There are 2 protein chains.
Amino acid sequence: MKEGPDIASIAALIGDPARANMLTALMSGKALTASELANEAGITLQTTSSHLAKLDDGGLIRQRKQGRHKYFSLTSDDVAHVLESLMGLAAGAGHLRTRTGPKDTAMRKARVCYNHLAGDMGIQLFDGLIARQHLVTDGKEPVLTETGQQFVVDFGIDLDALKAKKSPLCKECLDWSERRSHLAGSLGRAFMHRFEDLGWSTRDSASRVVRFSPAGEQDFNRLFGPVHHA
Amino acid sequence: MKEGPDIASIAALIGDPARANMLTALMSGKALTASELANEAGITLQTTSSHLAKLDDGGLIRQRKQGRHKYFSLTSDDVAHVLESLMGLAAGAGHLRTRTGPKDTAMRKARVCYNHLAGDMGIQLFDGLIARQHLVTDGKEPVLTETGQQFVVDFGIDLDALKAKKSPLCKECLDWSERRSHLAGSLGRAFMHRFEDLGWSTRDSASRVVRFSPAGEQDFNRLFGPVHHA
DNA sequence: CAAATGCTTCGGTTATCATCGAACTATGAA
DNA sequence: TTCATAGTTCGATGATAACCGAAGCATTTG
């Protein structure tokens with residue numbers, strides 16, 4: 001009724017089932033066309049157009065014209081973060097829409113959260129970095145240690161390029177399936193990208209599922225898995 | 001098409017302006033009554049009641065009856081975190097709301113609530129016991145853990161005598177200045193009594209104010225103050 | 001007991017908004 | 001040019017839900 005940040009209008013945007021489905025689809029990190037989003041939400045193209053205009057107006061999505069197509073994507077990691085948090089709440093409250101299926105277990109194991117790795121393996125990555133003291137979390141956002149910076153560079157990530165950008169290097173993102181933190185931010189994105197470059201993992205084209213090859217998973221566990229003390 | 005939790009229903013809950021105002025008001029961490037929330041949202045009590053039922057149904061708030069009042073608060077830090085993120089997206093500053101309770105600073109700090117400690121220090125006692133895992137609250141009334149029982153005995157309280165009585169050992173009591181929980185029940189009374197026996201505190205004869213000696217407050221903070229992680 | 005206070009339930013009104021059919025614009029292909 | 005595909009705009013409809021008045025509980029106070 002009065003002052004303060006208008007969380008109601010933004011939440012209302014997410015609160016419509018059709019729009020929520022579109023946003024969830026965009027959590028894959030891929031840019032999608034209006035038609036694809038219409039299909040995701042199960043509504044006609046006209047209605048979709050109206051929804052997309054509202055989402056754009058609310059600053060939740062960004063659009064790029066390319067030929068006669070129009071590609072839509074989430075505006076920022078912040079938007080993805082809010083959506084992921086909402087999923088956490090919904091999952092905690094027992095508001096799951098679908099019961100556990102084959103795809104669900106794959107989703108829980110490894111999936112993309114906008115542009116970084118989430119699910120069980122996302123948490124392993126995060127915990128593994130911390131266990132090896134490559135990353136420290138003192139209250140606020142995580143920070144790379146000296147050895148951590150060295151490790152990242154050795155792993156084949158151009159750290160200087162990431163630092164040059166203005167977007168935050170490390171961010172925590174709450175996992176809705178595990179209810180624990182995993183690594184987001186530009187470093188999280190870089191890790192995801194590197195895994196694919198190394199051939200460790202591939203993205204499922206139709207969903208958010210990330211599939212690791214047996215060899216890739218083995219390498220992953222060696223570098224990020226639980227630490228065994230002597 | 002439909003994967004993951006149902007974020008739409010939860011977002012829709014937050015998406016109504018009246019409910020958003022209530023939730024924002026509850027972000028203070030304090031429990032508020034239905035009437036106060038009605039006032040915050042600028043709607044009648046009937047409508048508020050309906051909204052509160054929906055928020056409760058969605059698992060966003062939790063309610064507690066005390067006397068003829070009903071106090072509402074956010075269910076968890078997770079809820080607060082989502083709201084905070086939404087505010088970030090809405091790109092605005094937070095706003096503080098109604099300030100209620102005793103104006104006397106001494107009363108705010110420490111006072112007697114029937115027979116146990118209330119006010120800021122009462123909350124510190126309660127939070128401190130939980131932070132040290134001496135007390136757990138899983139939905140219902142708090143319960144002493146193994147280490148908690150040992151701690152209580154070591155502190156000089158005759159736990160067996162308390163257990164022998166029929167009155168409940170631990171109860172949560174809502175603080176009317178801080179609007180948060182503190183420890184009541186026979187254990188709460190025992191703590192209060194022990195503080196006085198140890199010479200840590202004395203009761204003001206004319207009011208409900210409890211005065212701690214400097215040394216007593218120091219000891220109190222050592223045992224019940226905030227926990228510092230290594 | 002009765003009066004007062006705090007909150008809930010019920011019924012009816014109103015306003016909003018998601019939805020689709022149809023018509024329109026824009027880009028690309030034949 | 002003509003056709004096809006991608007997306008937008010407009011108008012009408014229908015369902016949902018926010019809202020309040022009035023009456024009903026429940027608890028405390030006098």
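What you see is a predicted model; the values in this text were computed from it and never measured. Just so we're on the same page: letters track the sequence lines, and every chain starts at 1.
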D/dA18, OP1 or OP2 - any side-chain N/O from B/K54 closer than 4.0 Å? yes
Taking any atom closer than 4.0 angstrom to a non-hydrogen atom of chain B, what span of DNA chain C does the protein reach, first nucleotide to last? C/dA4 to C/dT9
side-chain hydrogen bond (donor to acceptor under 3.5 Å, both in side chains) partners for B/K54, two or more places apart: none
Among residues 44-53 of chain B, which contact DNA chain D at a heavy-atom distance under 4.0 Å? B/T44, B/Q46, B/T47, B/H51
Holding to salt bridge (charged side-chain N to carboxylate O under 4.0 Å, His left out), I want the full list of residues that pass it with B/D127, two or more places apart in sequence or in another chain. B/R180
List the residues meeting ring pair (Phe, Tyr, Trp, His ring centres under 6.0 Å) with B/H51, not counting sequence neighbours, and say none if there are none. none
Sequence neighbours left out, what passes salt bridge (charged side-chain N to carboxylate O under 4.0 Å, His left out) with B/E217? Give chain and number order. B/K109
Nearest whole angstrom, please: distance from the P of D/dT8 to the CD1 of A/I43. 12 Å
Would you give me the side-chain donor-acceptor pairs under 3.5 Å for residues 156-164 of chain B, sequence neighbours excluded?
from: B/D158; atom 1: OD1; to: B/D160; atom 2: N; distance (Å): 3.4
from: B/D158; atom 1: OD1; to: B/A161; atom 2: N; distance (Å): 3.2
from: B/K163; atom 1: NZ; to: B/Q149; atom 2: OE1; distance (Å): 3.1

Qualifying residues under salt bridge (charged side-chain N to carboxylate O under 4.0 Å, His left out), relative to B/K70, sequence neighbours excluded: none
Just how far, in rounded Å, is P of D/dA15 from CG of A/D16? 17 Å
A/N39 CG to D/dA6 P, in whole Å, measures 12 Å
Do A/M22 and A/E40 come close enough that some side-chain heavy atom pair is under 4.5 Å? no
Under the rule for salt bridge (charged side-chain N to carboxylate O under 4.0 Å, His left out), what residues qualify as partners of A/D78, not counting sequence neighbours? A/K171
Once rounded to the nearest 0.5 Å, what's the spacing between atom CG of B/L26 and atom CG of B/L83? 9.0 Å
What does A/K65 touch in the nucleic acid at a heavy-atom separation under 4.0 angstrom: a base, only the sugar-phosphate, or nothing? nothing
A/K70 atom NZ is separated from D/dT8 atom C1', nearest whole Å, by 8 Å
A/Q63 has an atom CD; how far is it from atom P of D/dG7, in whole Å? 11 Å
Could you go through nucleotides 28-30 of chain D and list every protein N or O atom that sits under 3.5 Å from one of its N or O atoms, giving the distance for each pair?
none

Residues at least two apart in sequence or cross-chain that pass side-chain contact (heavy atoms from CB on, under 4.5 Å) with B/R132, listed by chain then number, are B/H134, B/V227
Whole-Å distance between D/dG7 C1' and A/D56 CG? 14 Å
May I have the list of side-chain donor-acceptor pairs in residues 188-203 of chain A shorter than 3.5 Å, sequence neighbours left out?
from: A/R194; atom 1: NE; to: A/F155; atom 2: O; distance (Å): 2.8
from: A/E196; atom 1: OE2; to: A/R203; atom 2: NE; distance (Å): 2.8

